[in-house]
Amino acid sequence: MNAAFDGLTPWPEELAETYCKGGYWQNQNLASWFAEKVSNKENIVLSGLGIDGKPQDLTGKELHLCVQELAQGLAKLDIQPSEKVVLQMGNTNSFVITLFALFELGAIPVMALPGHRYREIEHFLNLTKARTWIAGDIEENSPIPDLAVKLKEGVPSLQNIILDKQDTGSFHSLGSLLKKGNKKFESTNLGHATDPAGIAVLLCSGGTTGLPKLIPRTHRDYLFNAKASAEVCELDENDGYLVALPAGHNFPLACPGILGAFEQGAKVVMCPSPSPDIAYQWITDTNATVTALVPPLVRVWLQNAELGFKAPSTLRMLQVGGSRLDADLAQCIPNKLSCKLQQVFGMAEGLLNFTRSKDPDLLVQKTQGRPLSELDEIRIVDSQGQDVPNGQRGELWTRGPYTLRGYYKDPKANDSSFSADGYYKSGDLVRRLSSGHLIVEGRIKEVIRRGAETIPAESLETHLSLHSEIQAAAVIGLPCERLGQQVCAVLVNKEETDLTLTLNEVRHFLIEEGVAHFMLPDSIEYVPELPLTAVGKVAYQQLISKFSPPSPETTY
Ligand code: OOB
């Protein structure tokens, strides 16, 4: 079997035909698309830190040359078409160069995130049989060099470790591979022959528990994803898209992200950190107009605005997604950050929902948008798999031209995550309005079962975050012998307050808010800040492990 299809569950043939005939899927792979969109551009298409750690602007022609050179250098390591390569780089120009160099060779990048450590990278290497790991280590105190030593010892199949700074006996550096390619320049062109129906990238699933699953995205579905997103976001050649979230995440990579920006002739700006002190400077220096954040970062940007730091005036739109955005934060964004808000409810598995620029304010503030494509099929079902009417909460199931039909080599997950007729069971609890807009109300697994009652953690979090002394709240279910689970509210105090609310005070506040008695927390815990996943979502599992009472076997 062609290795580009290994681990891919195909769409049914009639549907594939519909998608092709309707022009949703085009007969193009990412290597030839990149050559068409970028290689001849004389204007700057990419700004970010160069390999020497200094700011660097590249025109399309220059970027294309770098990509060709690195592809040559990588070819010398004998990287073959359809071979998987684990990519774990920070937001630098090298990320973009390496990504497209891999496409140029027809290799398949596995998009690890900078926050991943031994457990995750080992898992990706073993699952995909990748021989090569390319990681970014330019920032000070980077954990990557230590990780490199550990992986070299622990994963015998790992033959090539490529770091962007180090060039020691055991590791390659990107810089030296670029130079190696340069000496004898000839176009590789291997990737241009890749079948657009095959796997282009493997993305990580965004769960907040367990090891990430891998999501095969094909050339034609992923290009459709990026192009359609760019259209909805009304990107054009005057825009600059600032990559603030980790670039290997689906959101900044293709929703519309890097790919969508190149599609429309907009500039891509690789911002080394999403913190406002750094991001604002990059926006100002590069005239960036659009960026994407997760809600915990939105909170930081808004706090910064409250301290009097104005968001740069070029920013026209802030996309927010990845986890629930409180409506009160949503409402503040246009005023405090002087830009439009777009809510995005997406998943690496495929389906994307966006609020649109013409939507009334209330829909933009209070919903997570509506599906990207008219071919997205949405079902909202009860626990028996029966459709529920609009307005009622149920689990979101979906299928369509850019939603996966199966995870990469994970039969167990495939059994539980897909219906017999190919719908992906997202695990998200949503309500649909008559306009088609969705409101995300939580995840099935985040529903706490306390005795006979079910408590949606997210709705309790929303109430808690309205308290003037609470900066952030995460509600978790802790194991309890008597009730099965009990409700624990993990709170972060507002910086300026020394007061810590007592459990009674919190319960009293919630009662005043109209929260039902059975939902009131059984306990509260304080943390200085909520732990976050690699892309910046609240890491619920960490909190559950931290605050769970020891199980009977471990007590003496
Ligand atoms: C994005 O992708 P993933 O794969 O990291 O995470 C997907 C999950 C969704 O199933 C949902 O549970 C949650 O993250 N989520 C949201 C949300 N957007 C994603 N929950 C509430 N409100 C939202 N707006 O996170 C992702 C991928 C592409 C674009 C945007 C986000």
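If you read the sequence from its start, that first residue is 1, and numbering goes on from there. For ligands, and for the atoms within them, numbers begin at 1 and follow the listed sequence. Quick caveat, the model's predicted, so the values are computed rather than measured.
Side-chain atoms of Thr314 and Asn287 include no donor-acceptor pair closer than 3.5 Å. When only modelled atom types and interatomic distance are considered, Thr218 and Asp221 share a side-chain donor-acceptor pair under 3.5 Å.
Heavy atoms from other residues, nucleotides or ligands lying under 6.0 Å from CG of Asp361 number 12 at most.
In this structure, Val344 has a heavy atom closer than 4.0 Å to ligand 1.
When the heavy atoms of Pro295, Gly427, Gly322, Gly536 are ranked by distance to atom 17 (C) of ligand 1, first place goes to Gly322. Summarising the contacts of atom 5 (O) of ligand 1 with Arg324, Met347, His249, the nearest heavy atom is found in His249. Within the set Glu441, Lys537, Glu458, the minimum heavy-atom distance to atom 14 (O) of ligand 1 is found for Lys537. In the candidate list Ala292, Ala254, Gly346, Ala348, Gly346 is nearest to atom 7 (C) of ligand 1, counting heavy atoms.
Close contacts of ligand 1 with Leu352, meaning ligand atoms under 4.0 Å from a residue heavy atom, involve 28 (C), 29 (C). Residue contact check: Gly321 has heavy atoms under 4.0 Å from atoms 24 (N) of ligand 1. The contact set between ligand 1 and Asn250, taken as ligand atoms under 4.0 Å from a residue heavy atom, comprises 27 (C), 28 (C).
Applying the side-chain hydrogen bond (donor to acceptor under 3.5 Å, both in side chains) definition to pairs two or more places apart or across chains, those involving residues 329-352 are Glu306-Lys336, Gln319-Gln342, Gln343-Gln368, Glu349-Tyr407, Glu349-Tyr424.
With Tyr402 as reference, Phe224 is the one residue of Phe224, Tyr24, Trp11 to meet the ring pair (Phe, Tyr, Trp, His ring centres under 6.0 Å) rule.
Listed by chain and residue number, Ala327 satisfy the side-chain contact (heavy atoms from CB on, under 4.5 Å) test with Lys366 (two or more places apart in sequence, or in another chain).
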